[in-house]
> 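Take this structure first; my questions come after.
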Amino acid sequence: MSFIIRKIRLREIRLPLREPFTISSGSIDVRRIMLVEVVDDDGVSGWGECVADADPNYSPEIIETATTIIDGFLAPRILRRKIDHPREVAPIFADGIRGHFMAKAALEMAIWALAAEKAGVPLAKLLGGERERIPVGISIGIQKSKELLVERARRAAADGYRRIKLKIKPGADIDHVAAVREALGPDAVISVDANAAYRIEDADHVAALDRFGLLMIEQPLRAGDVVRHAQLAKRIKTPICLDESIESVDDAEVALELGACRLINIKPGRVGGFASSLAIHDLCRSRGIKNWCGGMLESGIGRAHNVALASLANFELPGDISPSARYWAEDIVTPEWTMDKDGYVTVPWQKPGLGVRIDVEKLDRISEWRRRIE
Ligand code: OSB
Ligand code: MG
């Protein structure tokens, strides 16, 4: 079913987080989110969410660069062009435009959502998903003290989360993880995420985490340090999962070839969108490497994309797909995303498109700015 995009609307909203979120590279208490709406000839809309943040601490991209790239370079390539399938979009964006994966993803994923809506099928189906429900993991930010971290982790365990991930950095790592392991017991599934806070010289220090039986350590070294991740992998027992290092299927191929990781988390917003996510998924599956779906503190719109993607077969580990109420006093979609007491979120297989209704009136009220591209 082909379609032609006539209009693209960008806007920024600000959602206050219910608790501040701190990682090794920065901290936020209000999430600034750029939303993308594409509208086709028949007036059908598709929504996307840009995962770029206000500060370039996780990625070099920020909201302003993504806006500029969409407006100046991506939108002109897609407006008024006949599209037969959303998988055509990623190659159109890749040709001659380097990087800017978060900008590309926001627009590409909006177009996938539109295509699902038009075809009257759930986005999960269009992507080739199969899971009825997704196991959920929580990502707990760095806390002011070990005691506060233990309290937060206990609460998460009681809520039913199937995996508890602790953000770590030098000085808030070994003893913090020890305290949580002690509090939650040997059966709790615990992982850590360093967001690139260590250097290869810290290998012995990182190896001290091996005794806690962690599911993985995510992104211990700098994004570009794939070779050093391979070196580190030989010196620690805890499986390495790459996050920031993987922006494309090429990156994934190189990382696996070098033995830099045993797991890869896929954030569609980080890798340029769904076509790239599917390619990484298929590559990992063929190599026996498990995936899980990462998160970027998305609103209910980005969460819908992530849930749909995580329904694919190789997303075998719990995803960072917490329910709306973990982040926001009030989400921008109905129904809000919820997690059952066993720690699963249900894929909306009964509904077309994203499977949630977007409260556009509310968005209009809270938008900081809006821009129309025609
Ligand atoms: O590294 O996974 C990360 C949030 C912002 C930036 C980077 C990361 C994260 C998270 C949050 O861990 C996961 C979530 O959305 O629940
Ligand atoms: Mg991470």
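Because only heavy atoms are used, hydrogens play no part in the values below, and waters and symmetry mates are left out as well, while side chains stay in. Counting starts at 1 for both ligands and their atoms, following the listed order.
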> Does Tyr58 reach ligand 1 with a nitrogen or oxygen that is under 3.5 Å from one of the ligand's nitrogen or oxygen atoms?
no

> Report, in ascending order of atom number, the atoms of ligand 1 lying under 4.0 Å from any heavy atom of Asn195.
1 (O), 3 (C)

> Where does the angle between the aromatic ring planes of His85 and Trp112 fall among parallel (under 30°), tilted (30 to 60°) and perpendicular (over 60°)?
perpendicular

> I'd like to check whether Ser322 has a polar contact with ligand 1, where a contact means an N/O of the residue lying under 3.5 Å from an N/O of the ligand.
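No: no nitrogen or oxygen of Ser322 is under 3.5 Å from one in ligand 1.
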
> Only heavy atoms of Asp243, strictly under 4.0 Å: list the atoms of ligand 1 that pass.
1 (O), 2 (O), 3 (C)

> Can an N or O of Lys165 be found at a distance shorter than 3.5 Å from an N or O of ligand 1?
yes

> Give the atom name of whichever N/O/S atom in Glu218 sits closest to the Mg ion (ligand 2).
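Within Glu218, restricted to N, O or S, the Mg ion (ligand 2) is closest to atom OE2.
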
> Taking 4.0 angstrom as the limit and counting only heavy atoms of Lys267, give me the atoms of ligand 1 inside it, by number and element.
1 (O), 2 (O), 3 (C), 7 (C), 8 (C)

> For ligand 1, which part of Glu218 has a heavy atom less than 4.0 Å away: the side chain, the backbone, both, or neither?
side chain

> State the NZ-OG distance between Lys362 and Ser367, to the nearest 0.5 angstrom.
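Separation between the atoms: 11.0 Å.
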
> Please determine if Asn265 has a nitrogen or oxygen closer than 3.5 Å to a nitrogen or oxygen of ligand 1.
no

> Can you check whether Leu297 has an N/O within less than 3.5 Å of an N/O in ligand 1?
yes

> Are any N, O or S atoms from Asp243 nearer to the Mg ion (ligand 2) than 2.8 Å?
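Here the distance criterion (N, O or S atom, under 2.8 Å) is met by Asp243, so yes.
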
> Is the distance between the ring centroids of Phe274 and His305 under 6.0 Å?
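Yes - the distance between ring centres of Phe274 and His305 falls below the 6.0 Å cut-off.
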
> Does NZ or CZ of Arg133 fall inside the cone over Tyr344's six-membered ring, less than 6.0 Å from its centre and within 45° of the axis?
yes

> Would you check if the side chain of Glu49 reaches a backbone N or O of Ser299 as a donor-acceptor pair within less than 3.5 Å?
yes

> Can you name the N, O or S atom of Asp193 that is closest to the Mg ion (ligand 2)?
OD2

> So, Ser245 and Gln219: side-chain donor and acceptor under 3.5 Å apart, yes or no?
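Distance-only check passes for Ser245 and Gln219.
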
> To check your reading of the model: name the closest protein heavy atom to atom 16 (O) of ligand 1, its residue, and the distance in Å.
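Here the nearest protein heavy atom works out to Tyr327 OH, 2.6 Å.
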
> Between Arg162 and Asp342, is the salt bridge (Lys or Arg N to Asp or Glu O under 4.0 Å) condition met? List the steps.
CA-CA 8 Å; Arg162 303 196 72 85; Asp342 300 325; 5.7 Å; no

> Within the structure provided, determine whether Pro86 and Glu108 are in side-chain contact (heavy-atom separation under 4.5 Å).
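Side chain of Pro86 against side chain of Glu108, heavy atoms only: no contact under 4.5 Å found.
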
